[in-house]
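Reading through the structure tokens given below for one structure.
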Amino acid sequence: MRVLFITSNKGKFKEAKRYLSPLGVELIRGRVDYPEIQADDLEEVVRFGLEWLRDKIDTPFFIDDSGLFVEAFGGFPGVYSAYVFKRLGNKGLLKLMEGVDYRDAYFKSVIGYYDGEIHIFRGIVKGSIGYEKRGEGGFGFDPIFIPHGFSRTFAQMTIEEKNKISHRGRALKAFSNWLKENLQNE
Ligand code: IMP
């Protein structure tokens with residue numbers, strides 16, 4: 001089956017394609033800019049995005065909104081992750097964390113699929129913020145995020161390794177399980 005992923009983020013698309021292709025899902029990338037409202041949680045942002053997009057797209061599609069939540073900062077940058085990454089980058093976030101010993105953080109991803117109704121899938125990965133950038137892979141905050149149980153950052157992993165444990169990989173797992181159960185007769 002074919003599924004449309006509306007995203008301007010190449011990294012997200014690559015990860016989703018790598019995850020879904022072996023399951024027989026042909027992923028198509030759609031580039032439609034949609035408003036990302038300021039809200040307290042990712043799910044609200046996703047719901048608004050789906051409602052805005054649904055009249056403009058005539059096939060089922062999904063979007064992904066994600067963010068990095070640093071515990072010592074009360075979850076910041078969280079829903080503001082894209083803006084903070086653009087303005088400060090990894091270097092800026094590391095600078096903000098100078099002198100901070102409590103470095104726990106988590107990534108969260110919310111996938112919203114629209115097929116006439118809204119379906120929401122979530123994934124979280126816990127980890128910590130390193131003291132320097134490491135690795136060339138991935139995108140965004142990957143070079144400074146070390147998932148719990150590993151010594152490497154996400155940027156030092158292959159897409160497959162990251163997908164097995166990441167927030168997006170987990171949300172994609174829930175999404176693909178749902179697709180299998182609900183669309184097997186189509
Ligand atoms: P948005 O989902 O488009 O609002 O963007 C979220 C921002 O969070 C991205 O620009 C990245 O900086 C960051 N982000 C989200 N997911 C990941 C990831 O898997 N790795 C690294 N950074 C991420």
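Whatever order the structure lists them in is the order used to number ligands and atoms, beginning at 1.
Note: the hydrophobic cluster containing Ile120 also contains Phe61 (ILVMFWY, side chain heavy atoms under 4.5 Å, direct or indirect links). Connection of Ile111 to Phe107 is not established within any shared hydrophobic cluster, with ILVMFWY side chains joined at heavy-atom distances below 4.5 Å, either directly or through further cluster members.
Those atoms of ligand 1 with a heavy atom of Gly140 less than 4.0 angstrom away are 12 (O), 21 (C), 22 (N). Near Ser81, the atoms of ligand 1 lying under 4.0 angstrom from a non-hydrogen atom of the residue are 7 (C), 8 (O). Atoms of ligand 1 lying under 4.0 Å from any heavy atom of Glu36, numbered from 1 in the order shown and given with element: 3 (O), 4 (O).
In summary, Glu43 and Arg47 engage in a salt bridge, as defined by a charged side-chain N under 4.0 Å from a carboxylate O.
Heavy atoms from both the backbone and the side chain of Phe141 come within less than 4.0 Å of ligand 1. With a heavy-atom cut-off of 4.0 Å, His167 touches ligand 1 through its side chain alone.
Of the candidates Lys162, Glu15, Lys12, Lys162 brings a heavy atom nearest to atom 19 (O) of ligand 1.
Protein heavy atom closest to atom 4 (O) of ligand 1, with residue, atom name and distance, is Asp65 OD1, 3.0 Å. For atom 23 (C) of ligand 1, the nearest protein heavy atom (residue, atom name, distance) is Phe107 CE2, 3.5 Å. Of all protein heavy atoms, the one closest to atom 20 (N) of ligand 1 is Asp142 OD1, 2.6 Å. Scanning the protein heavy atoms around atom 16 (N) of ligand 1, the nearest turns out to be Arg168 NH2, 2.9 Å. Among protein heavy atoms, atom 15 (C) of ligand 1 sits closest to Ser66 OG, 3.4 Å. In this structure, the protein non-hydrogen atom closest to atom 10 (O) of ligand 1 is Ala82 CA, 3.6 Å.
A donor-acceptor pair is defined here as one N or O able to donate and one able to accept, closer than 3.5 Å; such a pair exists between the side chain of Arg103 and the backbone of Ile129. No donor-acceptor pair under 3.5 Å is formed between the side chain of Asn177 and the backbone N or O of Ala174. With Asp104 contributing its side chain and Val70 its backbone, the two residues share no donor-acceptor pair below 3.5 Å. A donor-acceptor pair is defined here as one N or O able to donate and one able to accept, closer than 3.5 Å; no such pair exists between the side chain of Arg18 and the backbone of Glu160.
No heavy atom of Lys86 sits closer than 4.0 Å to any atom of ligand 1.
Using a 30° and 60° split on the angle between ring planes, Tyr113 and Trp178 fall in the perpendicular class, above 60°.
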